[in-house]
There are 2 protein chains.
Amino acid sequence: MEKELDQVSSCIRLFADQVQIQVCKEILDENDDAFTRLSQVYALAGNDARLKILYLIQQQNELCPCDLSDILQMTVPAVSQHLRKLKDASLVRTRKSGQTIFYSIIPDQADVINQLFIHIPNPESIAV
Amino acid sequence: MEKELDQVSSCIRLFADQVQIQVCKEILDENDDAFTRLSQVYALAGNDARLKILYLIQQQNELCPCDLSDILQMTVPAVSQHLRKLKDASLVRTRKSGQTIFYSIIPDQADVINQLFIHIPNPESIAV
DNA sequence: ACATTATTTAAGCAAATACTTAAATAATGT
DNA sequence: ACATTATTTAAGTATTTGCTTAAATAATGT
(Lines give C-alpha, C1' and ligand atoms only; values in the text may rest on other atoms or scores of the structure.)
Protein backbone atom coordinates (compact mmCIF):
# COMPACT_ATOMS: atom_id res chain seq x y z
CA MET A 1 0.00 0.00 0.00
CA GLU A 2 3.00 2.13 0.69
CA LYS A 3 5.02 0.78 -2.17
CA GLU A 4 5.13 2.05 -5.70
CA LEU A 5 8.59 0.85 -6.59
CA ASP A 6 8.94 -0.08 -10.23
CA GLN A 7 11.94 -2.21 -9.32
CA VAL A 8 11.47 -5.25 -7.16
CA SER A 9 13.29 -4.29 -4.02
CA SER A 10 14.85 -6.90 -1.81
CA CYS A 11 13.97 -4.74 1.15
CA ILE A 12 10.31 -4.60 2.13
CA ARG A 13 10.43 -2.86 5.48
CA LEU A 14 7.46 -0.55 5.84
CA PHE A 15 9.55 2.09 7.53
CA ALA A 16 12.32 2.03 4.96
CA ASP A 17 13.08 5.65 4.26
CA GLN A 18 12.61 5.91 0.52
CA VAL A 19 13.70 9.53 0.48
CA GLN A 20 16.95 8.73 2.24
CA ILE A 21 17.58 5.91 -0.19
CA GLN A 22 16.92 8.12 -3.17
CA VAL A 23 19.20 10.84 -1.83
CA CYS A 24 21.96 8.32 -1.32
CA LYS A 25 21.60 7.01 -4.83
CA GLU A 26 21.91 10.50 -6.22
CA ILE A 27 24.99 11.33 -4.18
CA LEU A 28 26.69 8.20 -5.43
CA ASP A 29 25.64 8.91 -8.95
CA GLU A 30 26.97 12.46 -8.92
CA ASN A 31 30.34 11.27 -7.66
CA ASP A 32 30.59 8.10 -9.63
CA ASP A 33 33.83 9.02 -11.39
CA ALA A 34 35.46 10.04 -8.13
CA PHE A 35 34.53 6.76 -6.48
CA THR A 36 35.85 4.81 -9.42
CA ARG A 37 39.18 6.58 -9.37
CA LEU A 38 39.47 6.47 -5.59
CA SER A 39 38.78 2.78 -5.37
CA GLN A 40 41.34 2.21 -8.10
CA VAL A 41 43.98 4.08 -6.12
CA TYR A 42 43.07 2.30 -2.89
CA ALA A 43 43.18 -1.06 -4.63
CA LEU A 44 46.74 -0.26 -5.64
CA ALA A 45 47.64 0.98 -2.17
CA GLY A 46 45.90 -2.06 -0.73
CA ASN A 47 48.90 -4.24 -1.38
CA ASP A 48 51.63 -4.15 1.21
CA ALA A 49 54.49 -4.13 -1.27
CA ARG A 50 52.91 -1.48 -3.46
CA LEU A 51 52.04 0.75 -0.53
CA LYS A 52 55.68 0.64 0.54
CA ILE A 53 56.86 1.29 -3.00
CA LEU A 54 54.70 4.38 -3.21
CA TYR A 55 55.90 5.51 0.19
CA LEU A 56 59.55 5.03 -0.67
CA ILE A 57 59.34 6.73 -4.03
CA GLN A 58 57.48 9.67 -2.55
CA GLN A 59 59.94 9.95 0.27
CA GLN A 60 63.17 9.49 -1.70
CA ASN A 61 61.99 11.47 -4.72
CA GLU A 62 62.98 8.71 -7.08
CA LEU A 63 64.11 5.10 -6.96
CA CYS A 64 64.92 2.38 -9.47
CA PRO A 65 63.43 -1.14 -9.53
CA CYS A 66 66.81 -2.46 -8.54
CA ASP A 67 66.96 -0.46 -5.30
CA LEU A 68 63.35 -1.23 -4.49
CA SER A 69 64.11 -4.89 -4.96
CA ASP A 70 66.94 -4.60 -2.44
CA ILE A 71 64.93 -2.62 0.07
CA LEU A 72 61.81 -4.73 -0.09
CA GLN A 73 63.65 -8.00 -0.39
CA MET A 74 61.67 -9.14 -3.35
CA THR A 75 62.61 -10.19 -6.87
CA VAL A 76 63.13 -7.55 -9.54
CA PRO A 77 60.33 -8.84 -11.80
CA ALA A 78 57.89 -8.75 -8.89
CA VAL A 79 58.81 -5.12 -8.22
CA SER A 80 58.67 -4.30 -11.89
CA GLN A 81 55.16 -5.62 -12.21
CA HIS A 82 53.99 -3.53 -9.27
CA LEU A 83 55.61 -0.47 -10.80
CA ARG A 84 53.84 -1.15 -14.04
CA LYS A 85 50.47 -1.09 -12.33
CA LEU A 86 51.31 2.17 -10.64
CA LYS A 87 52.39 3.60 -13.95
CA ASP A 88 49.30 2.32 -15.76
CA ALA A 89 47.24 4.15 -13.17
CA SER A 90 49.22 7.35 -13.82
CA LEU A 91 50.53 7.53 -10.28
CA VAL A 92 54.21 7.32 -11.17
CA ARG A 93 56.41 8.23 -14.12
CA THR A 94 59.85 7.18 -15.28
CA ARG A 95 63.14 8.87 -16.06
CA LYS A 96 65.84 6.99 -17.88
CA SER A 97 69.49 7.42 -17.02
CA GLY A 98 71.75 4.98 -18.79
CA GLN A 99 70.33 1.58 -18.19
CA THR A 100 68.75 2.63 -14.93
CA ILE A 101 65.12 3.69 -14.83
CA PHE A 102 64.08 6.01 -12.02
CA TYR A 103 60.49 6.03 -10.86
CA SER A 104 58.96 9.11 -9.29
CA ILE A 105 55.53 10.34 -8.27
CA ILE A 106 53.61 12.26 -10.91
CA PRO A 107 53.31 15.76 -9.37
CA ASP A 108 49.53 15.96 -10.00
CA GLN A 109 49.08 12.90 -7.86
CA ALA A 110 51.35 13.92 -5.01
CA ASP A 111 48.41 15.14 -2.91
CA VAL A 112 46.45 11.95 -3.24
CA ILE A 113 49.50 9.85 -2.55
CA ASN A 114 50.70 11.85 0.44
CA GLN A 115 47.23 11.47 1.93
CA LEU A 116 47.81 7.73 1.99
CA PHE A 117 50.59 8.14 4.52
CA ILE A 118 49.36 10.75 6.96
CA HIS A 119 49.13 8.08 9.63
CA ILE A 120 52.72 7.01 9.15
CA PRO A 121 54.99 8.90 11.55
CA ASN A 122 57.40 11.12 9.66
CA PRO A 123 61.03 10.08 10.05
CA GLU A 124 63.18 13.00 11.25
CA SER A 125 66.15 10.75 11.12
CA ILE A 126 66.43 11.09 7.37
CA ALA A 127 68.98 13.87 7.72
CA VAL A 128 71.88 11.49 7.16
CA MET B 1 85.62 -5.09 -3.94
CA GLU B 2 82.96 -2.68 -2.84
CA LYS B 3 80.58 -5.40 -1.85
CA GLU B 4 80.34 -7.09 1.49
CA LEU B 5 76.71 -7.99 1.35
CA ASP B 6 75.96 -11.27 3.02
CA GLN B 7 72.83 -11.54 0.97
CA VAL B 8 73.11 -11.96 -2.76
CA SER B 9 71.71 -8.73 -4.06
CA SER B 10 69.98 -8.59 -7.39
CA CYS B 11 71.32 -5.08 -7.85
CA ILE B 12 75.00 -4.73 -8.60
CA ARG B 13 75.29 -1.09 -9.61
CA LEU B 14 78.54 0.32 -8.33
CA PHE B 15 76.93 3.60 -7.44
CA ALA B 16 74.01 2.04 -5.61
CA ASP B 17 73.67 4.07 -2.43
CA GLN B 18 73.95 1.43 0.28
CA VAL B 19 73.33 3.97 2.99
CA GLN B 20 70.12 5.13 1.40
CA ILE B 21 69.00 1.54 1.01
CA GLN B 22 69.77 0.77 4.62
CA VAL B 23 67.91 3.86 5.83
CA CYS B 24 64.89 2.89 3.78
CA LYS B 25 64.89 -0.60 5.18
CA GLU B 26 64.94 0.76 8.70
CA ILE B 27 62.11 3.18 8.10
CA LEU B 28 59.97 0.39 6.73
CA ASP B 29 60.89 -1.83 9.59
CA GLU B 30 60.01 0.72 12.24
CA ASN B 31 56.60 1.27 10.71
CA ASP B 32 55.84 -2.25 9.72
CA ASP B 33 52.65 -2.52 11.78
CA ALA B 34 51.36 0.76 10.40
CA PHE B 35 51.97 -0.36 6.83
CA THR B 36 50.25 -3.65 7.47
CA ARG B 37 47.16 -2.02 8.92
CA LEU B 38 47.08 0.71 6.29
CA SER B 39 47.31 -1.68 3.38
CA GLN B 40 44.56 -3.74 4.96
CA VAL B 41 42.28 -0.72 5.13
CA TYR B 42 43.13 0.33 1.59
CA ALA B 43 42.52 -3.17 0.31
CA LEU B 44 39.04 -2.95 1.77
CA ALA B 45 38.49 0.53 0.37
CA GLY B 46 39.90 -0.66 -2.94
CA ASN B 47 36.63 -2.23 -3.92
CA ASP B 48 34.09 0.08 -5.47
CA ALA B 49 31.12 -1.37 -3.61
CA ARG B 50 32.90 -1.39 -0.27
CA LEU B 51 34.19 2.13 -0.67
CA LYS B 52 30.64 3.30 -1.28
CA ILE B 53 29.35 1.27 1.66
CA LEU B 54 31.87 2.93 3.96
CA TYR B 55 30.99 6.33 2.54
CA LEU B 56 27.28 5.83 2.96
CA ILE B 57 27.51 4.49 6.49
CA GLN B 58 29.80 7.30 7.53
CA GLN B 59 27.57 9.86 5.95
CA GLN B 60 24.20 8.53 7.13
CA ASN B 61 25.45 7.49 10.58
CA GLU B 62 23.98 4.02 10.21
CA LEU B 63 22.43 1.83 7.55
CA CYS B 64 21.16 -1.72 7.29
CA PRO B 65 22.20 -4.31 4.68
CA CYS B 66 18.74 -4.03 3.23
CA ASP B 67 19.00 -0.31 2.50
CA LEU B 68 22.53 -0.68 1.18
CA SER B 69 21.30 -3.36 -1.15
CA ASP B 70 18.67 -0.97 -2.46
CA ILE B 71 21.05 1.93 -2.84
CA LEU B 72 23.88 0.01 -4.45
CA GLN B 73 21.62 -2.18 -6.54
CA MET B 74 23.28 -5.36 -5.49
CA THR B 75 22.03 -8.52 -3.83
CA VAL B 76 21.69 -8.64 -0.06
CA PRO B 77 24.18 -11.50 0.39
CA ALA B 78 26.76 -9.61 -1.64
CA VAL B 79 26.34 -6.58 0.61
CA SER B 80 26.36 -8.73 3.71
CA GLN B 81 29.67 -10.30 2.75
CA HIS B 82 31.24 -6.90 2.23
CA LEU B 83 29.94 -5.75 5.60
CA ARG B 84 31.43 -8.80 7.23
CA LYS B 85 34.86 -7.94 5.93
CA LEU B 86 34.53 -4.40 7.20
CA LYS B 87 33.44 -5.74 10.56
CA ASP B 88 36.24 -8.30 10.69
CA ALA B 89 38.67 -5.45 10.16
CA SER B 90 37.07 -3.52 13.03
CA LEU B 91 35.99 -0.65 10.84
CA VAL B 92 32.27 -1.00 11.49
CA ARG B 93 30.04 -2.28 14.27
CA THR B 94 26.42 -3.38 14.47
CA ARG B 95 23.33 -2.43 16.43
CA LYS B 96 20.31 -4.66 16.41
CA SER B 97 16.81 -3.29 16.36
CA GLY B 98 14.17 -5.96 15.90
CA GLN B 99 15.22 -7.96 12.91
CA THR B 100 17.07 -5.07 11.39
CA ILE B 101 20.81 -4.72 11.91
CA PHE B 102 22.28 -1.26 11.63
CA TYR B 103 25.90 -0.84 10.68
CA SER B 104 27.88 2.18 11.77
CA ILE B 105 31.50 3.32 11.81
CA ILE B 106 33.48 2.44 14.90
CA PRO B 107 34.32 5.87 16.40
CA ASP B 108 38.04 5.07 16.77
CA GLN B 109 38.23 4.53 13.05
CA ALA B 110 36.28 7.59 11.99
CA ASP B 111 39.45 9.56 11.30
CA VAL B 112 40.98 6.94 9.07
CA ILE B 113 37.72 6.43 7.22
CA ASN B 114 36.96 10.10 6.74
CA GLN B 115 40.42 10.49 5.25
CA LEU B 116 39.38 8.12 2.51
CA PHE B 117 36.83 10.60 1.23
CA ILE B 118 38.49 13.98 1.44
CA HIS B 119 38.53 14.13 -2.34
CA ILE B 120 34.82 13.51 -2.61
CA PRO B 121 32.92 16.80 -2.70
CA ASN B 122 30.72 17.18 0.37
CA PRO B 123 27.03 17.24 -0.46
CA GLU B 124 25.32 20.31 1.04
CA SER B 125 22.05 19.08 -0.32
CA ILE B 126 21.67 16.57 2.49
CA ALA B 127 19.55 18.97 4.49
CA VAL B 128 16.33 17.25 3.41
C1' DA C 1 81.20 -7.93 -31.84
C1' DC C 2 80.49 -9.71 -27.17
C1' DA C 3 79.66 -10.12 -22.34
C1' DT C 4 77.46 -7.76 -18.56
C1' DT C 5 73.86 -5.33 -16.37
C1' DA C 6 69.08 -3.20 -15.63
C1' DT C 7 64.74 -3.78 -16.80
C1' DT C 8 60.60 -5.58 -18.84
C1' DT C 9 57.69 -9.10 -20.67
C1' DA C 10 55.66 -13.56 -20.88
C1' DA C 11 53.88 -17.91 -19.30
C1' DG C 12 52.36 -20.64 -15.54
C1' DC C 13 50.17 -21.37 -11.23
C1' DA C 14 48.36 -21.17 -6.42
C1' DA C 15 45.68 -18.23 -3.72
C1' DA C 16 42.42 -14.62 -3.03
C1' DT C 17 38.18 -12.06 -4.66
C1' DA C 18 33.52 -11.15 -5.55
C1' DC C 19 29.88 -12.55 -7.06
C1' DT C 20 25.85 -16.29 -7.54
C1' DT C 21 22.03 -19.31 -5.63
C1' DA C 22 20.29 -22.02 -1.94
C1' DA C 23 19.87 -22.98 2.74
C1' DA C 24 20.16 -21.73 7.72
C1' DT C 25 19.05 -18.26 11.68
C1' DA C 26 16.47 -15.35 14.03
C1' DA C 27 12.94 -11.86 15.09
C1' DT C 28 7.89 -10.37 14.14
C1' DG C 29 3.11 -10.60 13.48
C1' DT C 30 -1.01 -13.32 12.98
C1' DA D 1 2.41 -22.92 15.76
C1' DC D 2 3.16 -20.78 11.25
C1' DA D 3 4.26 -17.62 7.64
C1' DT D 4 6.95 -13.56 6.71
C1' DT D 5 10.95 -10.80 6.81
C1' DA D 6 15.98 -9.42 7.59
C1' DT D 7 20.13 -11.23 7.74
C1' DT D 8 23.90 -14.46 7.57
C1' DT D 9 26.21 -18.49 6.07
C1' DA D 10 27.63 -21.90 2.84
C1' DA D 11 28.94 -23.87 -1.51
C1' DG D 12 30.15 -23.19 -6.22
C1' DT D 13 32.51 -20.64 -9.78
C1' DA D 14 34.70 -17.29 -12.91
C1' DT D 15 37.99 -13.72 -12.51
C1' DT D 16 41.80 -11.36 -10.61
C1' DT D 17 46.00 -11.15 -8.12
C1' DG D 18 50.83 -11.74 -7.09
C1' DC D 19 54.17 -14.27 -7.22
C1' DT D 20 57.67 -17.64 -9.86
C1' DT D 21 61.09 -18.74 -13.58
C1' DA D 22 62.67 -18.08 -18.17
C1' DA D 23 63.21 -15.34 -22.06
C1' DA D 24 63.35 -10.80 -24.48
C1' DT D 25 65.10 -5.71 -24.71
C1' DA D 26 68.17 -2.35 -24.28
C1' DA D 27 72.18 0.26 -22.62
C1' DT D 28 77.27 -0.05 -21.22
C1' DG D 29 81.99 -1.30 -21.23
C1' DT D 30 85.69 -3.99 -23.15
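Chain letters run A, B, ... following the sequence lines, proteins first and then strands; every chain starts at 1.
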Under 4.0 Å between a side-chain N/O of [X] and OP1 or OP2 of [N], yes or no?
{"X": "B:Arg50", "N": "C:dA18", "answer": "yes"}
{"X": "B:Arg84", "N": "D:dT8", "answer": "no"}
{"X": "A:Thr75", "N": "D:dT20", "answer": "yes"}
{"X": "A:Tyr103", "N": "C:dA6", "answer": "no"}
{"X": "B:Lys85", "N": "C:dA18", "answer": "yes"}
{"X": "B:Ser80", "N": "D:dT8", "answer": "yes"}
{"X": "B:Asn47", "N": "C:dA18", "answer": "yes"}

Across all strands, who's sitting opposite [N] as a Watson-Crick or G-U wobble pair, both distances under 3.5 Å?
{"N": "D:dA11", "value": "C:dT20"}
{"N": "D:dT25", "value": "C:dA6"}
{"N": "D:dA1", "value": "C:dT30"}

For the pair made of [atom1] in [X] and [atom2] in [N], what is the distance, rounded to whole Å?
{"X": "A:Lys52", "N": "D:dG18", "atom1": "NZ", "atom2": "P", "result": "14 Å"}
{"X": "A:Leu68", "N": "C:dT8", "atom1": "CG", "atom2": "C1'", "result": "15 Å"}
{"X": "A:Asp67", "N": "C:dT5", "atom1": "CG", "atom2": "P", "result": "16 Å"}
{"X": "A:Leu86", "N": "C:dT7", "atom1": "CG", "atom2": "C1'", "result": "16 Å"}
{"X": "B:Ile101", "N": "C:dT25", "atom1": "CD1", "atom2": "P", "result": "15 Å"}
{"X": "B:Lys87", "N": "D:dT7", "atom1": "NZ", "atom2": "P", "result": "13 Å"}
{"X": "A:Gln99", "N": "D:dA26", "atom1": "CD", "atom2": "P", "result": "13 Å"}
{"X": "A:Gln81", "N": "D:dG18", "atom1": "CD", "atom2": "P", "result": "10 Å"}

Quiz item: Do A:Arg84 and A:Gln81 have side-chain atoms, one donor and one acceptor, less than 3.5 Å apart?
Solution: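 No pair is found: no donor N or O on one side chain lies under 3.5 Å from an acceptor on the other.
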
Practice problem: Measure across B:Ala34 and A:Ile120 and return the closest heavy-atom pair with its distance rounded to 0.1 Å. | Solution: CB-CD1, 3.7 Å

Self-check item: Taking every non-hydrogen atom, the tightest pair across B:Ala45 and B:Leu51
Solution: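 Answer, listing the atom of B:Ala45 first, then B:Leu51: O-CB, 3.5 Å.
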
Sidechain-backbone polar pair: [X] side chain, [Y] backbone, donor-acceptor under 3.5 Å:
{"X": "B:Arg93", "Y": "B:Ile106", "value": "no"}
{"X": "A:Arg50", "Y": "A:Leu44", "value": "yes"}
{"X": "B:Asp29", "Y": "B:Lys25", "value": "no"}

Quiz prompt | Nucleotide nearest B:Ala78 (side chain, heavy atoms from C-beta), chosen from C:dT8, C:dC19, C:dT7 | solution = C:dC19

Self-check item: Residue whose nearest DNA chain C nucleotide is more 5′ - B:Ala49 or A:Leu83
Solution: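 Whichever sits nearer the 5' end wins; that is A:Leu83.
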
Self-check item: DNA chain D: 5'-proximal contact among A:Gly46 and A:Lys96 (nearest heavy atom)
Solution: A:Gly46

